[in-house]
Protein chains: 2
Amino acid sequence: MHEVLAVVFQVRPTADGAERLEVLLWRRARAPYRDAWALPGGALGATEDLDDSIRRQLAQKVDVREVAHLEQLMTSGAPGRHPDGRVVATSYLGLVPANADPGVPDDTRWHDADALPEMAFDHAEIVDAGRARLRAKLSYTNVGFALATPEFTISQLCGYYRAALGHDVSATNLQRVLLRRGQIEPTGGALPSGRRGGRPASVFRFRDRRLEVTDEFAVLRPPVGARGK
Amino acid sequence: MHEVLAVVFQVRPTADGAERLEVLLWRRARAPYRDAWALPGGALGATEDLDDSIRRQLAQKVDVREVAHLEQLMTSGAPGRHPDGRVVATSYLGLVPANADPGVPDDTRWHDADALPEMAFDHAEIVDAGRARLRAKLSYTNVGFALATPEFTISQLCGYYRAALGHDVSATNLQRVLLRRGQIEPTGGALPSGRRGGRPASVFRFRDRRLEVTDEFAVLRPPVGARGK
DNA sequence: GCAAAAGTGTTAACAGTACACCCATGT
DNA sequence: ACATGGGTGTACTGTTAACACTTTTGC
């Protein structure tokens, strides 16, 4: 038996106005792992591609059009991972932009990615792998587009990065890095100041809405002659 | 049906004394894809973990003790990828150090990774994915240990990197980068000069033989206060 | 001594962080 | 005016590529 799972992340506002990274989980009503939380997903159809399958399964939990980025994460096949017998699971990483608020079924809820509830099977590991992947890719690709709203101010964007990376991010430097790399561009617009004043923030957008590697060679770059290949 | 495949790379000397990256492939004797070349692997056992399975399957082609590094690469499940019906394949990337010369069966041969022969199924894609992964990881981890012999001179190491990366690598800078990162250390020994003279090369080894990420934050590092976590 | 191979020193480029400072707005 | 949030300028740091130069060997 082969199943397909998804770690779907979204940056969401908390009660106290801050923002944090959350994962979409549903609560199991039946054994095994009754009342524990599990990743959305299900059995792979007999004539279905893996990507198509996870999209189909997700459609039951969230509006799939909301998922701005989806990529394969890992495949787990330990014989003991499912008590009912051998189930191989291929997991995906999915990202939903901060603006979308997809209605979710009753058994489904968003959970703080840093404080997972009791999880079914090996799903906690999978969430952690997804988190690590997201963190890494924020560093050397433009995946930010999949967490951010279509248009945003730098300080909003900063909030998304802060939540996803789990550490403070300087707005000043974030702006410069992303501009330099050509990931974002100003729309020309600006947002009116809040009620406590302050300079109106200019609005930016991601230049491209597809995954792009912007910082390819961290080190060991090819010599200048052979670059630009 | 679930199968497990491996892209096994080794840097091997060519006829003209240079070195190049090669993949281990076997020639299919039966349809489908008769006479085309395929990746080693086979069906996943009913109670076998994925990692164990690929190790077992590889044992039939090469001495498994020779594989210095093995990591999961990707899972392909397109319904049309296998003419006989649905087969999901999980691929691994394996690396064999340059010194090992594992005896391989008659139907099996090493092939230039840059000039693949006619390949069965979607195996060419998988090899390319493995190549890309290797290139990337050479940049920010110590995977080099899995391509190099246990002890080596800088110019030998340079040859391995050159072959794997596909571009020229400066011995001077490679040495400095890997030393600075603490990946390699001098053994204290030196190799006698060749018959045409030259200063004897000192011998190095990798400090650690397990995968380690040595260049974690390409960019977007956490602020100094929050680092060292 | 001379060629060959290895290794060191030095410079320059570049990307990113930190921080001080300037700008535009509401009260 | 002044507090508030946004944006720019600038210095500093760390890392790496490039290349000249020195060291050690065989002939």
Side-chain angles (χ1 to χ4, degrees), chain A residues 17 138-140 151-159 161-162 165 167-204 213-228, chain B residues 17 138-140 151-159 161-162 165 167-204 213-228:
Chain A
L138 278 175
S139 232
Y140 66 92
E151 305 203 330
F152 48 82
T153 66
I154 295 297
S155 69
Q156 289 171 328
L157 187 63
C158 210
Y161 273 76
R162 205 185 329 267
L165 291 173
H167 63 73
D168 204 22
V169 174
S170 141
T172 302
N173 294 331
L174 183 64
Q175 178 183 25
R176 250 194 294 249
V177 168
L178 299 189
L179 274 174
R180 157 186 279 278
R181 296 185 173 178
Q183 285 191 26
I184 62 175
E185 62 189 2
T187 63
L191 246 52
S193 316
R195 53 209 62 98
R196 284 205 300 255
R199 177 169 168 174
S202 23
V203 177
F204 291 79
V213 176
T214 55
D215 199 50
E216 187 133 26
F217 304 104
V219 287
L220 300 180
R221 304 190 238 309
V224 284
R227 235 169 274 180
Chain B
L138 277 175
S139 232
Y140 67 93
E151 304 203 330
F152 47 83
T153 66
I154 295 296
S155 72
Q156 290 170 329
L157 186 63
C158 209
Y161 273 77
R162 207 185 327 269
L165 291 172
H167 63 72
D168 204 21
V169 174
S170 142
T172 301
N173 294 333
L174 183 65
Q175 180 185 24
R176 251 194 292 247
V177 169
L178 299 189
L179 274 175
R180 157 185 277 280
R181 296 184 173 180
Q183 284 190 27
I184 62 175
E185 63 189 2
T187 64
L191 247 54
S193 316
R195 55 210 60 100
R196 282 204 301 255
R199 177 170 169 174
S202 24
V203 177
F204 291 79
V213 175
T214 56
D215 200 50
E216 186 134 24
F217 304 104
V219 287
L220 301 181
R221 304 190 239 309
V224 283
R227 233 167 276 177

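Treat the numbers as computed from the prediction; the structure is a model and nothing was measured.
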Next on the checklist: Distance alone, cut at 3.5 Å: any donor-acceptor contact between the side chains of A/T187 and A/E151?
Outcome noted: no
Would you kindly give the [atom1]-to-[atom2] distance between [X] and [N], to the nearest whole Å?
X      : N      : atom1 : atom2 : result
A/L174 : C/dT17 : CG    : P     : 9 Å
B/R180 : D/dT13 : CZ    : P     : 14 Å
B/L191 : C/dA5  : CG    : C1'   : 12 Å

Item to check | Nearest non-hydrogen partners of B/R181 and B/Y140, listed with the distance | outcome: NH1-CA, 4.3 Å
Checklist entry - What are the two closest non-hydrogen atoms of B/Y161 and B/Q183, and how far apart are they? => result OH-OE1, 4.2 Å
Checklist outcome for this item: Once base and sugar-phosphate atoms are separated, protein heavy atoms under 4.0 Å mark nucleotides 1-10 of chain D, 5' to 3', with B, S and - as ---BBBSBBB
Checklist outcome for this item: Test side chain to side chain contact (heavy atoms under 4.5 Å, CB included), reference B/C158, set B/T172, B/V169, B/D168, B/T153, output is B/V169
Checklist entry - Does the side chain of B/L178 reach to within under 4.5 Å of the side chain of B/T214, using non-hydrogen atoms? => result no
